[in-house]
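Worksheet for the structure shown next.
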Amino acid sequence: MCGRYSGRDIERMAYVIAIIMGEAYEDVLARYRFALGGKPRYNIAPAQQNVVVAPDGGEKARATTMKWGHFASFAPGSPPTFLINARSETALQKRTFARAMNERRCLIPADGFFEWKRDGKGRSQQAYYFQRAGGEAYVMAGLSWPAEGDQPARYIVLTTAPNELLQPIHDRMPVILTEDGAKQWIDRSLTGEQARPLCVPFPGAEMTSYPVSSIVNSAKNDVPECVVPVLRLPDPPQESQGTLF
């Protein structure tokens, strides 16, 4: 899954959006700064308002702000579940996501994300920060919903199988799109079935990762220290299963 990500470099993220959308960089940067209050983000968490590029009701998508997370009920009378991710492989088969997959695909600007390595008992143990090898900004594939009733406009992040860099840490990763892939993802003329092949693992050779402090565990901590590398402690030795020979 993807439960936290960063948006540290506003200028770079605005540039990526401007290239994808074919808009003037200065215009996108001004909207971006207004949406974020000019503040870099080091620990973006669910239920927060963030910048996304989503359909605006017409043919063209635009940069706007939405809440990360979508409430959905999976059975009549059942309490709603708060969702922040969806599996790209099965989104079209799920009633909750099918329409959004066809009509309201969105882009989520970022420059890194976090995953937690679990111990043998399934408990989160160590947070790792993943980014593109050069630290470049990029966009993740997402789905969005317009404001309705008491729910604000909202989005979720799509995930895919992990690449070789992620595999030792987690069994899922966010869908990171190339520039061409991003343009296709928000192309309203493409159906969900036509867009789904874009949801593939980003090459591990083009990414880096390192362990970070547990300060990132709390969504209240949105500070530079969240992305500072820390010394990785060695794994504990395995218990002996026999003699030394």
List the residues meeting side-chain hydrogen bond (donor to acceptor under 3.5 Å, both in side chains) with [X], not counting sequence neighbours, and say none if there are none.
X    : result
D222 : R41
E148 : R154
Y138 : none

With a 3.5 Å distance limit and no angle check, can you tell me whether [X] reaches the backbone of [Y] through a side-chain donor-acceptor pair?
X    : Y    : result
R62  : M21  : no
T178 : G181 : yes
S144 : Y155 : no
Q194 : T191 : yes
D27  : E23  : no
N221 : V216 : no
D171 : P162 : no
W68  : I84  : yes

Atom [atom1] of [X] and atom [atom2] of [Y]: how far apart are they, to the nearest 0.5 Å?
X    : Y    : atom1 : atom2 : answer
T208 : E206 : OG1   : CD    : 11.5 Å
M101 : Q93  : CE    : CD    : 9.0 Å
M140 : N85  : CE    : CG    : 9.0 Å
C106 : L143 : SG    : CG    : 6.5 Å
T160 : E89  : OG1   : CD    : 4.5 Å
R8   : C226 : CZ    : SG    : 11.0 Å

(request) If you link ILVMFWY side chains whenever their heavy atoms are less than 4.5 Å apart, which other residues fall into the same cluster as V228? By chain and number, please. (result) none

What I'd like to find out is whether the side chain of [X] reaches to under 4.5 Å of the side chain of [Y], using heavy atoms alone.
X    : Y    : answer
I176 : M207 : yes
K67  : P46  : no
M173 : C2   : no
T64  : V51  : no
V175 : V157 : no

Sequence-distant partners of [X], salt bridge (Lys or Arg N to Asp or Glu O under 4.0 Å), two or more places apart:
X    : value
K183 : E179
E136 : none
R105 : none
E225 : none

Using the rule that two of Ile, Leu, Val, Met, Phe, Trp, Tyr join whenever any of their side-chain heavy atoms come within less than 4.5 Å, decide whether [X] and [Y] are in one cluster.
X    : Y    : answer
Y15  : M13  : yes
L190 : L107 : no
V230 : I215 : no
Y25  : V16  : yes
I156 : L92  : yes

(request) Could you tell me whether R87 atom CZ has more than 12 heavy atoms of other residues or ligands within 6.0 Å of it? (result) no

(request) Determine whether more than 12 heavy atoms belonging to other residues, nucleotides or ligands lie under 6.0 Å from atom CD of E193. (result) no

(message) If the condition is ring pair (Phe, Tyr, Trp, His ring centres under 6.0 Å), which residues does F130 pass it with, not counting sequence neighbours?
(response) F113

(message) Before we go on, tell me: are the rings of F71 and W145 under 6.0 Å apart, centre to centre?
(response) no

(request) Apply the test side chain to side chain donor-acceptor pair (under 3.5 Å) to residues S6 and D111: give CA-CA distance (whole Å), side-chain angles for both, the deciding distance (0.1 Å), then the verdict. (result) CA-CA 6 Å; S6 66; D111 51 22; 2.7 Å; yes

(request) Write out all pairs satisfying ring pair (Phe, Tyr, Trp, His ring centres under 6.0 Å) with one or both partners inside residues 195-230, taking only residues at least two apart or from two chains. (result) Y129-Y210

(request) Output every pair passing ring pair (Phe, Tyr, Trp, His ring centres under 6.0 Å) with a member in residues 86-106, not counting sequence neighbours, ordered by first then second residue. (result) none

(message) According to side chain to side chain contact (heavy atoms under 4.5 Å, CB included), who are the partners of E103, at least two apart in sequence or on a separate chain?
(response) R99

(request) Tell me, with the steps shown, if Y5 and N43 meet side chain to side chain donor-acceptor pair (under 3.5 Å). (result) CA-CA 6 Å; Y5 64 94; N43 188 14; over 6 Å; no

